[in-house]
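Every chain is numbered from 1, with letters handed out A, B, ... down the list of sequences. This one's a predicted model, so the numbers in the text were calculated from it and none came from an experiment.
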Number of protein chains: 2
Amino acid sequence: MAQIKDVAKQAGVSVASVSRVLAGHAGVSESIRQRVLAAVQELEYRPDLAARRLRSRQTDTIGLIVSDIRNPFFTEVSRAVEDVAYQHRLRVILCNADEDPEKEALYLDLMRDENVRGVILSPTFATLTGFRSHDYPFPVVLVDRCDRDTAADAVVLDNIDAAYRLTTHLIENGYRRNIFFYGTTSATGRQRHEGYATAMAAHGLEVHAEALPATVDRARAAARERLRRRPLPDALVASSGLILLGLTEALRETRIRFPDSVALAGFDDLPWTRLVEPGITVIAQPIYDIGRAAIELLLQRIAKPEQAVRRVVLRGELVERGSSAKRTGATASASMA
Amino acid sequence: MAQIKDVAKQAGVSVASVSRVLAGHAGVSESIRQRVLAAVQELEYRPDLAARRLRSRQTDTIGLIVSDIRNPFFTEVSRAVEDVAYQHRLRVILCNADEDPEKEALYLDLMRDENVRGVILSPTFATLTGFRSHDYPFPVVLVDRCDRDTAADAVVLDNIDAAYRLTTHLIENGYRRNIFFYGTTSATGRQRHEGYATAMAAHGLEVHAEALPATVDRARAAARERLRRRPLPDALVASSGLILLGLTEALRETRIRFPDSVALAGFDDLPWTRLVEPGITVIAQPIYDIGRAAIELLLQRIAKPEQAVRRVVLRGELVERGSSAKRTGATASASMA
DNA sequence: ATGGTTTTTGTAATCGTTTACATATTTGGT
DNA sequence: ACCAAATATGTAAACGATTACAAAAACCAT
């Protein structure tokens, strides 16, 4: 492998000049620039990243710690982050914390060890409580999950509002005994629960929520359990795409038709929600935009470390489909909560 | 930040001893070991990775280059790889090449720059042709995509056989004019096409295949186009999960019911294929196992660089669902190819 | 031409480890 | 008790870049 001194020799200049050309620093003559570039080409020189990082105490890397890579939401976010990072010649270390606070802590340590320029994180509830960007040697931007008072840049959906609108939509379409299945490991689930509860209360309806770990299996099991009891609820509502999948599977397995017997609605406009007849009503999130906003926030924070904490709040869009169609008096089971 | 010499001072030993303890080398007395470990704890010492990598010319990192992170197949593979890597205290750099040979080459360069111990790669067709593990300064294990004669360790499905069985199943259930939609960027798509074509030929049926870039949008568009023409085909077959999604969307949009008018089948047993009534017939791949086999192959290769090239071929399982239900003479449109 | 700026270039120190080699210590056989 | 061999420890030289500082060259107004 060619080293910088080989390039210097080949170009007939000092190593300092080579380094300066490669770093794009000013104050180096055009003739030297040309000769260095030619030598680099000639020798196929590639700088040693370890040496560079050791000396300069800097990397061109950012970290992305997602809470569950199986969740299509996060794969889409990671694509957005990668795309933008790529354009800025930054590499991305993608880590999957699996909704596990310990893994999260471990990966945050790893980010420190790797000397990353910054981190984008979708924290579990445990990590979020008391989280302060200042406690880390790099800027942190939160994505998808964030409390009102968290001291960190963040990009989130207006969860309370979205869940409120989704719930209100169900109520207005005649569904009154609505059960909300939400993940407890994330602030997002709790906020959506809050929006749901507020909407229910506003119509004088009783709140029925099931807290659970946000996985397909747990959601399916919880829904199956609930659907065994009588009277049946009017509607099942999911606080995330994964949970919605579990609820849908439970309805299919128990052969309960929606919306005739029980309505269904939830979060995330994933392709399959359109395919499952008669279509599932959801809140659509601008996922790619969320990811892009996160990395742009991070880049700005890296450029200006001292600027005030900022928060980007995006609005979800209600996509009405058959699963929450207006109840006709005829088919509905009386709602006698 | 504490450095190794601080630890040495605190423990009253030399830096060499500290380094030896941390590396777990033999030949260091228990008393020193204890003192060093205590000092490390005390000072919260964390070794500088850049320095370590520079000096030792080694990293504890492996690379994983997937061709499309949106494809659930690859998210599951990456989970498996991460899980095993994690157990071996290896970090994983995950890169998404987006079915783009240029990005693939770029990421392979990056892996070289990062001095990774090895790479797991799902190559595009372009990169696969003429691919030799020897051409890289690290071992490479291919996953999902590989030619018969590629000189590299690999983990793949028996694609030809799986597609053959899937196609035969359709034929036996009365579907004769079957159109195969397959991605051209991957060897996998071509191999599955081969299995399909062989099965069709074995029954004296005409091959109708549509080659396209393996994305949902392109598959949907191609299917829509084909479904506009008459006579309608008997069945639509997809060579991947993404393509299958596109075909399903096209059928829904054109309001063509399956299997009554046109049957449907494809690859990858994703959750939604069960939910879309009456269920979609697929070849189920043991995805997690594929990922695990890949990293285990890589670890073995790293341990024994000279051992013979190995290939793990897994078998796909045919999951019969309603979308390919046996044709009854009554509902079928005559097959007059 | 001259001396003072400014700009360009080069030399050598430095980043924080690992590890080759030298030295000190222990061990064990006589 | 002694010496050779084995084992434990320490010293200092790498690893390959960046960059502070010094030196040289170029520029410009007098």
Worksheet entry | Protein-nucleotide distance (A:Arg52, atom CZ; D:dT18, atom P), rounded to Å | 5 Å

Worksheet item: From the list C:dT19, D:dT19, D:dA17, which nucleotide is the closest neighbour of the side chain of B:Ser56?
Response: C:dT19

Worksheet, complete the sentence: Quick tally for nucleotides 21-26 of chain C: nucleotides whose base has a protein heavy atom under 4.0 Å get B, sugar-phosphate-only ones S, the rest -, giving ------

Practice prompt. Determine to 10° how strongly the helix from C:dA1-D:dT30 to C:dT30-D:dA1 is bent, judged from the axes of its five-pair ends.
Written response: 30°

Discussion item. For B:Tyr86, give me all partners under side chain to side chain contact (heavy atoms under 4.5 Å, CB included), at least two apart in sequence or on another chain.
Written reply: A:Lys103, A:Leu106, A:Tyr107

Item to complete: Report the distance from atom CG of A:Asp60 to atom C1' of D:dT18, rounded to the nearest whole Å.
Response: 15 Å

Discussion item. Output the rounded distance in Å from CG (A:Leu54) to P (D:dC15).
Written reply: 14 Å

Worksheet entry | Basic-acidic side-chain contact under 4.0 Å: A:Glu30, A:Arg33 | yes

Worksheet entry | 5' precedence on DNA chain D between A:Lys5 and B:Val13 (nearest-nucleotide basis) | B:Val13

Discussion item. In this structure, how many angstroms lie between the C1' atom of C:dC15 and the CD1 atom of A:Ile4, rounded?
Written reply: 15 Å

Worksheet item: Of the options A:Val156, A:Leu121, A:Val119, A:Thr127, which is the one that meets A:Leu142 in a side chain to side chain contact (heavy atoms under 4.5 Å, CB included)?
Response: A:Leu121

Worksheet item: Are B:Glu114 and A:Arg52 ion-paired here, with the side-chain N under 4.0 Å from a carboxylate O?
Response: no

Fill in: Check ion pair A:Arg145-A:Glu99 (N to O, under 4.0 angstrom)
yes

Worksheet entry | A:Asp6/A:Lys9 ion pair, N-O < 4.0 Å | no

Worksheet item: What does A:Ser17 touch in the nucleic acid at a heavy-atom separation under 4.0 angstrom: a base, only the sugar-phosphate, or nothing?
Response: sugar-phosphate

Worksheet item: Can you check the A:Arg46 CZ to D:dC15 P distance for me, whole Å?
Response: 21 Å

Fill in: Interatomic distance, A:Lys9 NZ vs D:dA17 P [rounded to whole Å]
14 Å

Worksheet item: Below 6.0 angstrom between ring centroids: does that apply to B:Phe131 and B:Phe125?
Response: no

Worksheet item: Is it true that B:Arg292 and B:Asp83 have a side-chain N and a carboxylate O under 4.0 angstrom from each other?
Response: no

Worksheet item: Of B:Gly27 and B:Arg57, whose closest DNA chain D nucleotide lies nearer the 5' terminus?
Response: B:Gly27

Worksheet item: Does a distance-only test, which skips hydrogens and angles, find a donor-acceptor pair under 3.5 Å between the side chain of B:Arg55 and the base of C:dT18?
Response: yes

Worksheet item: For A:Ile32, which contact category applies under a 4.0 Å heavy-atom criterion: base, sugar-phosphate, or nothing?
Response: sugar-phosphate

Worksheet item: Nearest nucleotide by nearest heavy atom, which residue falls closer to the 5' end of DNA chain C, A:Val15 or A:Ser31?
Response: A:Ser31

Worksheet item: Is the closest side-chain donor-acceptor distance between A:Thr185 and A:Thr124 under 3.5 Å?
Response: no

Fill in: Salt-bridge criterion met for B:Arg311 and B:Asp153 (N-O under 4.0 Å)
no

Fill in: Separation of atom CG in A:Asn115 from atom P in D:dA17, rounded to whole Å
19 Å

Practice prompt. Grab the CG-P distance between A:Leu22 and D:dT19 for me, whole Å please.
Written response: 12 Å

Worksheet, complete the sentence: Testing C:dA13, C:dG10, C:dT8 for proximity to the side chain of A:Ser29, the answer is C:dT8

